[in-house]
Every structure is written in C-alpha cells, then in structure tokens.
Trainee: 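Structure below; questions to follow.
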Number of protein chains: 2
Amino acid sequence: MIQSVERALSLLDHIAEHPESSHNLAEMTEFLGVDKSSVFRLLSTLAKHGLVRQDESRKTYQLGFGIYSLAAALRSQVKITELAAPFLKRVALATKENAHLAVRSGLSAVFVDRERASKTIAANTSIGDSEELHCTAVGKCLVSHLDRAAIGLLFEGVELTRYTDRTIVDVEALAAEIAAVKAAGYAVDAEEYEKNVVCLAAPVRNFEGVVEAAIGISGPKERMEAQMDAFVAIVRDAGLELSAMLGAR
Amino acid sequence: MIQSVERALSLLDHIAEHPESSHNLAEMTEFLGVDKSSVFRLLSTLAKHGLVRQDESRKTYQLGFGIYSLAAALRSQVKITELAAPFLKRVALATKENAHLAVRSGLSAVFVDRERASKTIAANTSIGDSEELHCTAVGKCLVSHLDRAAIGLLFEGVELTRYTDRTIVDVEALAAEIAAVKAAGYAVDAEEYEKNVVCLAAPVRNFEGVVEAAIGISGPKERMEAQMDAFVAIVRDAGLELSAMLGAR
DNA sequence: CAATCATATTGCGAATGGTACAACGCTATT
DNA sequence: AATAGCGTTGTACCATTCGCAATATGATTG
C-alpha cells in the first residue's frame with residue numbers, strides 16, 4: 001500500500017461520495033488531514049490524468065471526464081456483460097420488469113449492466129450504482145458461494161444498516177439467509193431495502209463454482225408477488241444458463 | 001506532480017489502452033521501468049480502491065468495477081447542459097442559426113438548452129418545448145442507438161402524425177431512416193414537420209454508446225440547404241466532441 | 001515425484017521523493 | 001489601501017518509497 005496513492009484515491013472517492021459539498025482545496029485538506037501543499041499536488045496529479053478537473057476559476061474540484069474513458073475501456077474489456085446481455089433482455093421481456101446484472105466489489109454489489117422493461121413505474125438503477133450486500137437480492141446471491149466462516153470474516157466488525165423493519169441486521173441471521181439462498185439457487189429481497197420494492201435474483205457461477213455475478217429484477221411489491229413463482233423460474237433459469245456458459249455444472 | 005500517483009495512474013491508463021495484451025506483473029513492470037515490488041504495491045493500492053482487480057488466479061490485472069462507481073457519481077454530478085453550452089455557442093456562431101440541445105422523454109424530444117444566433121428570421125424553440133421524435137432531426141438522433149426491435153417496441157401502436165407531405169408516417173420507413181442516421185452520424189429533417197423549415201442534428205453518446213442528447217440547428221430551407229455540407233460538418237463535429245467528453249469512442 | 005523454472009509476494013536498509021513550513025501571488029472585501 | 005482568504009511555488013528535512021534479495025507459490029519438466 002503506497003501512502004500517496006492511497007491518499008490520492010481517497011480524495012477521488014471523497015469527491016465521488018459527497019456531491020453536495022463544494023470541494024475546494026481547504027475542504028480537501030480538512031478531509032485528508034495533511035498539509036494543503038500536498039493535497040494540491042495530489043489533486044494536480046489526478047487532474048493531469050483527467051480523473052479530477054478544477055473549475056476554471058480554480059476554486060473547486062470535481063470528478064474529471066477521464067473517468068468516462070476508463071469506464072468505456074472497462075466496458076469493452078469485460079466479457080460477462082456481453083455474455084449476459086441476451087439473458088437480461090430475455091428476463092426483462094418475460095417479466096416486464098427491469099433486469100440488471102451486478103458484480104461484487106468489496107462489500108458492495110455494483111450494477112454493471114441493465115435492461116429496461118417497458119413499464120413506466122419501475123425500480124430505476126443505473127450502471128455503476130452500488131448497493132449493500134445484506135439487504136439486496138443480488139447482494140445475497142453474490143456471496144452465496146461463501147461458507148459460514150468466510151461470511152463471518154467478510155462482515156466482521158461491519159455494522160449492517162437497517163433500512164426497513166425487514167432488513168436483516170444480524171450477521172448470524174444473514175448467514176442463515178445466505179445458506180438458504182445457496183440451497184434454493186435464488187434470492188429474494190422482500191422490502192428489506194426499500195418499502196414496497198421487491199427484488200429477485202439468481203447467482204451466475206463460473207467453472208469453479210464461484211459466483212461471478214448476479215442477475216436480477218426488481219419492481220413494485222404487488223406486481224412481483226402476484227407472479228413470484230413464474231418470475232423465480234425465469235430468473236433462476238437465466239442464471240443457470242449463464243452459469244453454464246461460464247463452465248459451471 | 002507526485003511520482004507514485006503518476007505511476008499508479010499510468011498503470012491504470014496502460015491497462016485501459018491495451019486490452020489486447022495480458023497484464024501480468026512482469027508486463028506492467030516492463031512498461032513502468034521500475035522494480036516489480038514497486039509495481040506490485042502500486043497495483044495493490046489501486047486494487048484496494050477497486051480501480052483494478054487481479055484475476056482470481058493472480059496472474060493478470062484488469063480494470064476494476066470501482067471505475068463504474070466513479071462514472072456513476074460523475075454522471076450524477078455533471079449536468080449535460082453545462083457541458084454542452086460552449087458547443088452550442090460554437091455551433092450557433094459558426095452557422096449563424098439557432099442551436100439547441102434536446103434530450104428524450106418518452107416519445108418526445110425535449111429542448112433543455114438553446115443558443116440564439118443573430119438572424120432575425122429563425123426557427124424559434126424555447127427551453128422546455130417538446131417535439132415528436134419521428135419528424136425532427138433531434139428526435140431521430142435521440143433514438144439512433146436503438147436496434148430495429150427496440151424501435152418497433154417504442155412506436156408500437158403509436159400513430160405517427162402527418163405534418164407535411166414529407167413527414168414519415170410509416171414505422172417501417174422510420175426504422176430505415178433511423179438506421180441511416182445511425183450510419184451517417186447525423187440526421188436531417190427536410191420539411192418533415194414544418195414547411196420551409198430544415199433541421200440538422202447530431203447525437204451525443206455516452207460511454208455506453210447510448211444517445212443521451214442531441215445537438216442541432218434549424219432554419220429556413222434556403223439558408224440551410226445552401227450550406228448543408230458545411231453545416232453537417234460543424235454539427236457532427238460538435239456532437240462527436242461532446243460525446244468524447246462523455247467517454248464515447 | 002523431485003527438481004526446476006517462472007511468477008508473485010514480503011522484509012529491510014538506503015536514499016529518493018514527499019511532506020510541512022513558509023513565502024508569494026492573486027482576488028475579493030472592508 | 002489594507003486586510004484577509006484562498007491557491008500556488010520554493011526548499012530542507014526525514015518519512016516513505018524504492019530496489020535488492022529472500023521467500024512463497026504454483027506450473028512444468030524429466
């Protein structure tokens with residue numbers, strides 16, 4: 001771990017996570033807790049590579065468009081999205097709900113692709129959005145290949161945020177739920193993150209049995225519950241077929 | 001400019017720009033020209049923040065999904081109108097016609113910004129106005145990333161209103177026209193909405209290749225047709241440059 | 001199955017490069 | 001005009017990073 005790189009990336013994350021505050025040099029210095037000259041040089045270096053840009057009046061720093069270039073490169077290099085695209089389309093078409101593909105990044109589920117359904121009222125997630133693992137269907141899928149010990153290690157010392165009265169906030173209960181997901185081959189988020197929103201997801205496993213991604217849908221409680229059985233079949237089949245393409249048995 | 005940050009970001013750029021070669025530690029070391037232990041630590045730091053990830057077998061490094069999170073944050077922080085403003089000005093100045101920026105909302109193209117040219121006789125659209133997709137240049141641009149099936153779905157059961165004898169009212173013909181727009185990289189509305197008014201527009205694509213907006217001009221038939229070739233170049237270049245800022249390639 | 005090779009990872013002393021401090025410049029505000 | 005608040009640049013010291021070498025891991029060979 002290289003300290004100055006660590007600091008530079010922290011600055012980047014800080015800007016990304018706090019769109020509300022105006023990020024001038026003083027504010028960034030306050031955040032990092034080192035001298036402003038160091039912060040200035042860190043930001044200059046980031047700016048040189050287009051990851052941040054300073055307002056023309058030099059007063060505030062914002063995220064830079066170089067990020068888009070990286071995102072475009074990432075998109076073209078990652079193969080799982082290409083593989084999954086037809087499945088997403090199929091799921092979205094069959095369920096008439098928005099379908100999405102997520103991968104895990106640390107303790108987050110990051111959405112890497114999505115397919116819109118025609119419905120006007122629908123859950124709206126964008127590529128790049130990330131959600132927590134413990135309260136989402138895709139999140140639970142993404143850790144469903146881990147054993148009890150690994151789950152414990154992953155969530156060790158992590159506070160599971162409560163979002164609704166159904167959110168699982170106890171690691172022990174979460175581990176049990178994940179075991180159930182593993183056995184069933186799919187996961188449900190029944191208003192555990194947002195009231196009136198129900199999600200359904202299935203894991204995508206590679207040849208090693210490791211969950212590489214999760215494919216899921218989400219929508220209003222009534223629509224989802226009314227056809228739950230049919231939807232489970234659709235989503236789980238998509239996950240299984242996609243897994244098969246990655247060599248899973 | 002801080003050396004280690006500089007090096008870390010160079011590694012990131014290198015991975016992004018060379019999808020073909022397999023980026024193992026040796027290759028990255030060769031590229032940077034410093035000791036492999038340093039490269040290892042730089043990559044580890046990048047990996048900790050999700051900007052790169054190492055293949056499960058630890059052999060190769062790829063771009064990480066944390067990039068998507070940054071891209072999502074950037075997208076939510078940047079308003080397209082701010083970005084587009086200088087381009088609108090440039091286009092209006094170069095063509096001496098009114099320039100406007102439109103985004104799609106359902107089956108409408110909504111004008112979100114405009115730049116007036118000096119001409120007294122000119123098409124007059126205001127911010128907030130909306131026009132139909134099938135009979136306007138910006139409208140055709142805004143759906144030019146969709147494939148034939150999506151076009152069909154979008155206009156399914158929709159009556160395409162005839163405004164002039166040149167208005168395209170057949171979905172089949174419209175789909176062909178949109179395919180032509182996609183290929184050409186710009187769209188023309190030759191009196192398809194209003195007699196004697198010609199419009200010209202180019203799509204603005206993001207890093208996903210999705211058309212987020214359209215930039216266009218409109219004016220009286222004679223002025224527009226007299227300089228059509230030059231105008232096409234001006235508008236299309238503006239669209240391409242703006243797209244590049246959003247990470248399109 | 002041992003041996004060898006190729007690769008990634010870790011420990012550690014040396015010195016480079018980053019940091020803090022201070023000085024400077026710029027703009028706005030009184 | 002003076003002051004204050006910010007960003008930017010110069011510099012010397014010393015913490016951090018670097019390169020070297022040792023170790024670990026895993027693949028390939030005879």
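The figures here come from the full heavy-atom set of this structure, side chains too, leaving out hydrogens, waters and symmetry mates. Just so we're on the same page: letters track the sequence lines, and every chain starts at 1.
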Trainee: Aromatic contact between A:His23 and A:His14, with the criterion being ring centroids under 6.0 Å apart: yes or no?
Mentor: yes
Trainee: Tell me: CG of A:Leu32 to C1' of C:dA20, nearest whole Å?
Mentor: 14 Å
Trainee: Rounded to whole angstrom units, what separation is found between the CD atom of B:Glu30 and the P atom of C:dT7?
Mentor: 12 Å
Trainee: Does a side-chain N or O of B:Ser4 approach OP1 or OP2 of D:dT17 to a distance below 4.0 Å, or not?
Mentor: no
Trainee: Between the base of C:dG18 and the side chain of B:Arg7, is there a donor-acceptor distance below 3.5 Å?
Mentor: no
Trainee: From the list D:dT8, D:dT16, C:dA8, which nucleotide is the closest neighbour of the side chain of A:Gln3?
Mentor: D:dT16
Trainee: Send over the distance from B:Asp35 CG to C:dA8 P, rounded to a whole Å.
Mentor: 13 Å
Trainee: Relative to the ring of B:Phe207, is the ring of A:Tyr68 parallel (under 30°), tilted (30 to 60°) or perpendicular (over 60°)?
Mentor: parallel
Trainee: In whole Å, I'd like the distance from the CZ atom of B:Phe40 to the C1' atom of D:dT23.
Mentor: 13 Å
Trainee: Find the distance A:Glu6:CD to C:dG17:P and express it as a whole number of Å.
Mentor: 21 Å
Trainee: Evaluate whether atom CZ of A:Phe111 has more than 12 neighbouring non-hydrogen atoms of other residues, nucleotides or ligands under 6.0 angstrom away.
Mentor: yes
Trainee: Taking atom types as they are modelled, would you say the side chain of B:Lys36 forms a donor-acceptor pair with the base of D:dG19 within the 3.5 Å cutoff?
Mentor: no
Trainee: Run through A:Lys140, A:Arg162, A:Arg166 and flag the one making a side chain to side chain donor-acceptor pair (under 3.5 Å) with A:Glu192.
Mentor: A:Lys140
Trainee: In this structure, how many angstroms lie between the C1' atom of C:dG18 and the CG atom of A:Leu42, rounded?
Mentor: 9 Å
Trainee: Whole angstrom is fine here: how far is it from CE in B:Met1 over to P in D:dG10?
Mentor: 12 Å
Trainee: What is the nucleic acid contact for B:Ile2, judged by heavy atoms within less than 4.0 Å: base, sugar-phosphate only, or nothing?
Mentor: sugar-phosphate
Trainee: Quick one: A:Asn24 CG to D:dA4 P, roughly how many Å, whole number?
Mentor: 20 Å
Trainee: Between B:Asp113 and B:His100, is any side-chain donor less than 3.5 angstrom from a side-chain acceptor?
Mentor: no
Trainee: Let me spell it out: for each of A:Ala26 and A:Arg41, pick the nucleotide of DNA chain D with the closest heavy atom. Which residue's pick is nearer the 5' end?
Mentor: A:Ala26
Trainee: Pick base, sugar-phosphate or nothing for A:Ser37, based on heavy-atom distances below 4.0 Å to the nucleic acid.
Mentor: base
